[in-house]
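Shown next, in structure tokens, is the structure this report addresses.
Atoms within a ligand are numbered from 1 in the order they appear, just like the ligands themselves.
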Amino acid sequence: MNNTFLSKSETETEKLAGLIAKALPNGSVVALHGDLGAGKTVFSRGFARGLGITEPITSPTFTILQEYNFSAGRLYHLDLYRIDGPDAALAFGVDEFLYGHKGHTLIEWPERITQILPESTFHIRLERSEIETVREIVMPSALASLLK
Ligand SMILES: Nc1ncnc2c1ncn2[C@@H]1O[C@H](COP(=O)(O)OP(=O)(O)O)[C@@H](O)[C@H]1O
Ligand SMILES: [Mg+2]
């Protein structure tokens with residue numbers, strides 16, 4: 001079962017992501033689904049802020065991976081837009097971030113590697129609405145319940 005949250009601004013999306021970051025155990029893998037401009041990177045920024053990371057957060061579209069340190073561990077931010085599929089991702093060494101449990105892993109364009117995502121992956125979907133600044137954020141109820 002899923003829960004849907006309405007975000008009315010970039011800031012609201014960041015806040016929700018920050019709460020999720022604080023609620024998740026270290027070593028969690030979070031798949032961020034949604035089209036270009038849906039807010040995956042905005043969500044990632046809020047997630048990082050929730051962990052206490054203050055560095056600028058941008059989509060690692062060209063570098064694929066960006067690592068950040070925070071007091072209690074590490075955040076790995078992956079953008080797989082330019083990755084063709086699981087083989088290319090594995091050649092890049094993605095299994096270390098999916099299965100290494102060395103820190104939180106956030107994945108933009110997780111559809112590229114559906115076949116090799118851990119079963120424990122938290123899937124979150126961001127969707128645009130008719131209103132330019134409103135997003136629907138859909139997550140499993142189990143995750144939503146951690147926020148209450
Ligand atoms: N409620 C909202 N939540 C997140 N982003 C929003 C929202 N409303 C407008 N935006 C804008 O949508 C864009 C999302 O961009 P980005 O996070 O880079 O998307 P993606 O990484 O999914 O391609 C940003 O320009 C942001 O300011
Ligand atoms: Mg992005």
Margin query: Suppose we only count N/O/S atoms under 2.8 Å; would Asp79 qualify as near the Mg ion (ligand 2)?
Written below: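 No - counting backbone and side chain alike, Asp79 has no N, O or S atom under 2.8 Å.
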Checklist line | Any N, O or S atom of Thr61 closer than 2.8 Å to the Mg ion (ligand 2) | finding: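 Short answer: no, not a single N, O or S atom is under the cut-off.
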Using distance alone, decide if ligand 1 has a nitrogen or oxygen within less than 3.5 Å of any nitrogen or oxygen in [X].
X	answer
Gly39	yes
Val134	no
Ser59	no

Please check: side-chain N/O of [X] versus main-chain N/O of [Y], any donor-acceptor pairing under 3.5 Å?
X	Y	answer
Lys40	Asp35	yes
Arg135	Ala38	yes
Arg45	Ile57	yes
Ser129	Ile131	yes
Ser59	Thr41	no

Notebook entry, point to check: Quick one: does Ile137's side chain get under 4.5 Å of Thr13's, heavy atoms only?
Noted result: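 Yes, at least one pair of side-chain atoms sits under 4.5 Å.
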Margin query: Using side-chain heavy atoms (C-beta onward) and a distance below 4.5 Å, is Thr133 in contact with Lys8?
Written below: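 No, every pair of side-chain atoms sits at 4.5 Å or beyond.
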Notebook entry, point to check: Vertex the Mg ion (ligand 2): angle to OE1 of Glu108 and OG1 of Thr41, to 10°?
Noted result: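 It rounds to 90°.
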Check: Just going by heavy-atom distances, which of Ile57, Leu36, Thr11, Val42 is nearest to atom 17 (O) of ligand 1?
Finding: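 Minimum heavy-atom distance to atom 17 (O) of ligand 1 goes to Val42.
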Checklist line | Options Arg135, His33, Lys40, Lys8, ranked by nearest heavy atom to atom 22 (O) of ligand 1, top entry | finding: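 Nearest option to atom 22 (O) of ligand 1, by heavy atoms: Lys40.
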Next item on the list: Just say parallel, tilted or perpendicular for the rings of Phe70 and His104, cut-offs at 30° and 60°.
Entry: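 If you compare the ring of Phe70 with that of His104, the planes turn out parallel.
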Next item on the list: Under 4.0 Å, heavy atoms only, figure out whether ligand 1 is touched by the backbone of Asp35, its side chain, both or neither.
Entry: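 Only the backbone of Asp35 comes within reach of ligand 1.
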Note to self: Residue-level breakdown please: for Ser9 versus ligand 1, do any non-hydrogen atoms fall below 4.0 Å on the side chain, on the backbone, on both, or on neither?
What the structure shows: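 Answer for Ser9: backbone.
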Notebook entry, point to check: If you count the atoms of ligand 1 from 1 in the order shown, which ones are under 4.0 Å from a heavy atom of Glu108?
Noted result: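 Counting from 1, the qualifying ligand atoms are 21 (O).
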Check: Can you list the ligand 1 atoms lying under 4.0 Å from a non-hydrogen atom of Glu132?
Finding: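 Listed by number with element: 8 (N), 9 (C).
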Next item on the list: May I ask whether Glu12 places a heavy atom under 4.0 Å from ligand 1?
Entry: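 The answer is no, since Glu12 has no heavy atom less than 4.0 Å from ligand 1.
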Check: Any chance OH of Tyr68 has more than 12 other-residue heavy atoms, nucleotides or ligands included, within less than 6.0 Å?
Finding: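 More than 12 within 6.0 Å, yes.
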Next item on the list: For atom 4 (C) of ligand 1, find the nearest protein heavy atom and state the residue, atom name and distance (0.1 Å precision).
Entry: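 So the nearest neighbour among protein heavy atoms is Thr13 OG1, 3.5 Å.
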